Colleague: 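Following this message is one structure expressed as structure tokens.
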Amino acid sequence: MVSALFSEAIFKPQVAVNRTIAGACKLGHARQMHQNRAAEASKHNAEISPILASLQEIHAKYQQDFSGKVATYIPELAKADTSLFGIALVTADGQVYQTGDANHWFTIQSISKPFVYGVALEDQGLDYVLSKVGVEPTGEAFNSIVFDERRNRPFNPMVNAGAIATTALIKGTGHDQRLARLLGKFSDLAGRPLSIDHAVYTSERTTGHRNRAIAYLELNFGMIDEPVNEHLDLYFEQCSILVSARDLAVMAATLANNGVNPLTGKRALDEPYVKNVLSVMYSCGMYDYAGEWSYRIGLPAKSGVGGGIIAVLPGQFGIGTFSAPLDEQGNSWRGIRACEDLSKRFKLHMFKSRLATGVVVRRSYRNTTVRSKRRRGAAAETILGEKGSSVCVYELQGSLFFSTMEQVLRQVTNDMDSFTYLILDFKRVLQLDECARALLAQTNEMLNRCGKTLLSAHLAEDRADSCEPGGQSGFFADIDSALEWCEDQLLQQEHPELLRERRKVPFAAMDILAGFDHRETALIESIAEEMRYSPGATIVREGDRADSLYLLAAGRVSICLRINDGARRQRLSTLSPGLAFGDVALLDGGTRSADVIADEPTRCYVLPFAKLQTLAVSHPEVFSRLIGNIGRELSARLRRADAEIRSLAD
Ligand code: GLN
């Protein structure tokens, strides 16, 4: 029943948010003065945010450490202020933590490489890009002139040789269009319009002979094509894009969030390529320190000679740091230490398993214990009491991926012999990954082959059949409508007559008249008045004085509570012909406790309380039997409610 549509199950995208928790910071530039005010406004946050407090502690620990040297081979970079130091952490759902000079702008340099690699993958596809640039670490410095001679390609896209070849793959007609594509992509990744530092760009363009040599060697080997100078200009420009530690953290968080910028909600990188980008960052991102970095810090990362570092914990957050002095490998001295401290303090190493799969099937029950909100006549209830155990419900919770889905499937295998219908409720499922979807689709096929039906509740909300009769797709808005559909199937198989609701049920066949003889039935019928209601009509209104007992002859009515002063209605139950409503008020003389709405063209036999009172005097034994029948029906409902509550307590 639930077909391959499982593969299209959609969950709500993460909502774009923009929340910043900033610590007091020392700013190096007048253009960032506005940030002082923001920092001032939120400087108390560290007192209540252990995360910000940790960032601030780490910041304070290294602020006075002036080890390392700023890069000088690009003359403009030599001017960097060595005292500036910023740390930012942005979560995959858009919470920003930052401290120090996290808003100071500097050039992104090699941190552009993983992102340009992502754009190249989008532009040329995985196979072609792999044929042009490998994914093997070199163990060499970032600017080394080594190539994978066997495959005639640079080793990986994270070192200059690979990055220049990657940039050569960016599509567009002419330099300006290609640059616009890159800047647009980077701006989407950072969530704000980014620009180029022309002084740094010109400085490197004039002095970057080594990179020029690499590019021409690549041209010579046929690794890249003309126009070489255009590729080189683009490469120097991508390296000169101005970012802050905060921007870097947002870009890293975008990778952590599978390519969607968590601040803007906009997709910045195609989802399938995010893992490719993160893989090369993990193995090659830190040049000849990559192995040790992976071992000690355990996060995909990338550094740049401008002093920036990004690190990503997939699914959780991104980190961006800035401090210009570099260590011998060309990685930011303070940045490396800040990341290492953060990783140790928060136990961030990727290979430390933090998945607690827990219990995935939070509750499972049968239709015999939990019935739909549909109330049916005694005959139908008897059938459902006997057959209801063939309808099974699993309420699932948490995230569904291979190992949690395996738990569900294990239970399906165990229970399979005893159910015909299986309803999976996804209301509390946070996420359903590709693997879980594929396993679900396979389970569906397997169950179909065995003559069983799989239904889902709360899966793709936009496709749910809700209470539509005969919901054929297998997707239901909630468990209740799925249960109701299954009950209809059971009744259809056993006693299809019971489902013919449009046909009027004769007065004598009302449940409440069970046990009355012909004469007594006629007596009660003589005080009944037949009423018709069109769909949507309110038959009984909450709070009104009660003056009649209603017997549903044809159609369908729903008993609903008004929530939030009537802004919303909550359906308590839906009644089928043969049942009575408005009976509680007859017993307790109170006002109406809920609205009763006609769902369809509806006909009722209405027994005015005043006339029933006259009957109580003239024929007390008839009246008391009537009350007895009402009492029996109420107690059956109470027992069912008790069983349902007990199953909830399990
Ligand atoms: N633009 C710099 C270069 O190519 C980038 C190097 C880096 O950040 N490691 O030399």
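Atoms within a ligand are numbered from 1 in the order they appear, just like the ligands themselves. Nothing here was measured: the structure is a model prediction, and the numbers come from that model.
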Colleague: Answer whether the closest heavy-atom distance between the side chains of Leu313 and Phe346 falls below 4.5 Å.
Modeller: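 Heavy-atom side-chain distance check fails, nothing below 4.5 Å.
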
Colleague: Does Tyr201 have its ring centroid less than 6.0 Å away from the ring centroid of Phe236?
Modeller: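 Between Phe236 and Tyr201, which both carry aromatic rings, the centre distance is not below 6.0 Å.
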
Colleague: Atoms of ligand 1 less than 4.0 Å from Cys239 heavy atoms?
Modeller: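 Near Cys239, the atoms of ligand 1 are 1 (N).
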
Colleague: Inspect the contact between Glu136 and Arg153 and indicate whether a charged nitrogen and a carboxylate oxygen are less than 4.0 angstrom apart.
Modeller: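 Result for this pair is no, no salt bridge flagged.
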
Colleague: Could you list which atoms of ligand 1 come closer than 4.0 Å to a heavy atom of Phe142?
Modeller: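 Within the 4.0 Å cut-off of Phe142, ligand 1 contributes 6 (C), 9 (N), 10 (O).
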
Colleague: Polar-atom distance check: Val305 versus ligand 1, any N or O pair below 3.5 Å?
Modeller: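 Yes, there is a polar N/O contact under 3.5 Å.
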
Colleague: Can you name the atoms of ligand 1, numbered from 1 with element, that are less than 4.0 Å from a heavy atom of Gly304?
Modeller: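 In order of number, 8 (O).
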
Colleague: Can you tell me which residue and heavy atom of the protein come closest to atom 10 (O) of ligand 1, and the distance to 0.1 Å?
Modeller: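 It is Tyr73 OH, 2.4 Å.
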
Colleague: Counting heavy atoms only, name the option from Ser110, Gly308, Ser240 that's nearest to atom 8 (O) of ligand 1.
Modeller: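 That would be Ser110.
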
Colleague: Has ligand 1 got any nitrogen or oxygen that is less than 3.5 angstrom from a nitrogen or oxygen of Lys113?
Modeller: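 No, since none of the N or O atoms of Lys113 sits under 3.5 Å from an N or O of ligand 1.
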
Colleague: Heavy atom of Phe236 under 4.0 Å from ligand 1?
Modeller: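 No heavy atom of Phe236 comes that close to ligand 1.
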
Colleague: Check each heavy atom of Glu204 against ligand 1 and say whether those closer than 4.0 Å belong to the side chain, the backbone, both or neither.
Modeller: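 The answer is the side chain.
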
Colleague: State which residue, out of Arg181, Lys132, Lys171, fulfils the salt bridge (Lys or Arg N to Asp or Glu O under 4.0 Å) condition with Asp123.
Modeller: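 Only match with Asp123 under salt bridge (Lys or Arg N to Asp or Glu O under 4.0 Å): Arg181.
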
Colleague: Take Glu57 and Arg345, measure what salt bridge (charged side-chain N to carboxylate O under 4.0 Å, His left out) needs, and give me the verdict at the end.
Modeller: CA-CA 11 Å; Glu57 267 173 50; Arg345 184 181 289 228; 3.0 Å; yes

Colleague: Of all the heavy atoms in Asn160, does at least one lie under 4.0 Å from an atom in ligand 1?
Modeller: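 Asn160 counts as a contact of ligand 1 under the 4.0 Å cut-off.
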
Colleague: Between Gln63 and His59, is there a donor-acceptor pair closer than 3.5 Å when you use the side chain of the first and the backbone of the second?
Modeller: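 Between the backbone of His59 and the side chain of Gln63 there is no qualifying donor-acceptor contact (under 3.5 Å).
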
Colleague: Is the side chain of Arg178 donor-acceptor paired with the backbone N or O of Ile170 at a distance under 3.5 Å, no angle test?
Modeller: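 Checking the backbone N and O of Ile170 against the side chain of Arg178, a donor-acceptor pair under 3.5 Å is found.
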
Colleague: For Asp65 and Arg334, what are the C-alpha separation, side-chain angles and deciding distance, and is it a salt bridge (charged side-chain N to carboxylate O under 4.0 Å, His left out)?
Modeller: CA-CA 8 Å; Asp65 183 341; Arg334 291 192 187 104; over 6 Å; no

Colleague: Find all atoms of ligand 1 within a distance of less than 4.0 Å from any non-hydrogen atom belonging to Tyr287, and give their numbers and elements.
Modeller: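 Near Tyr287, meaning under 4.0 Å from one of its heavy atoms, ligand 1 has 7 (C), 9 (N).
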
Colleague: Side chain of Asp247, backbone of Ala190: donor and acceptor closer than 3.5 Å?
Modeller: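 No; judged by distance alone, with no hydrogens or angles, the pair does not exist.
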
Colleague: Pull out every atom of ligand 1 sitting under 4.0 Å from any heavy atom of Asn211, numbered as shown with elements.
Modeller: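 Listed by number with element, the hits are 3 (C), 4 (O), 10 (O).
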
Colleague: Please list the nearest protein heavy atom to atom 1 (N) of ligand 1 with its residue and the distance rounded to 0.1 Å.
Modeller: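 Here the nearest protein heavy atom works out to Gln109 OE1, 2.5 Å.
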
Colleague: Which residue owns the protein heavy atom closest to atom 4 (O) of ligand 1, what's the atom, and how far is it?
Modeller: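 Looking at atom 4 (O) of ligand 1, the protein heavy atom closest to it is Tyr235 OH, 2.6 Å.
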
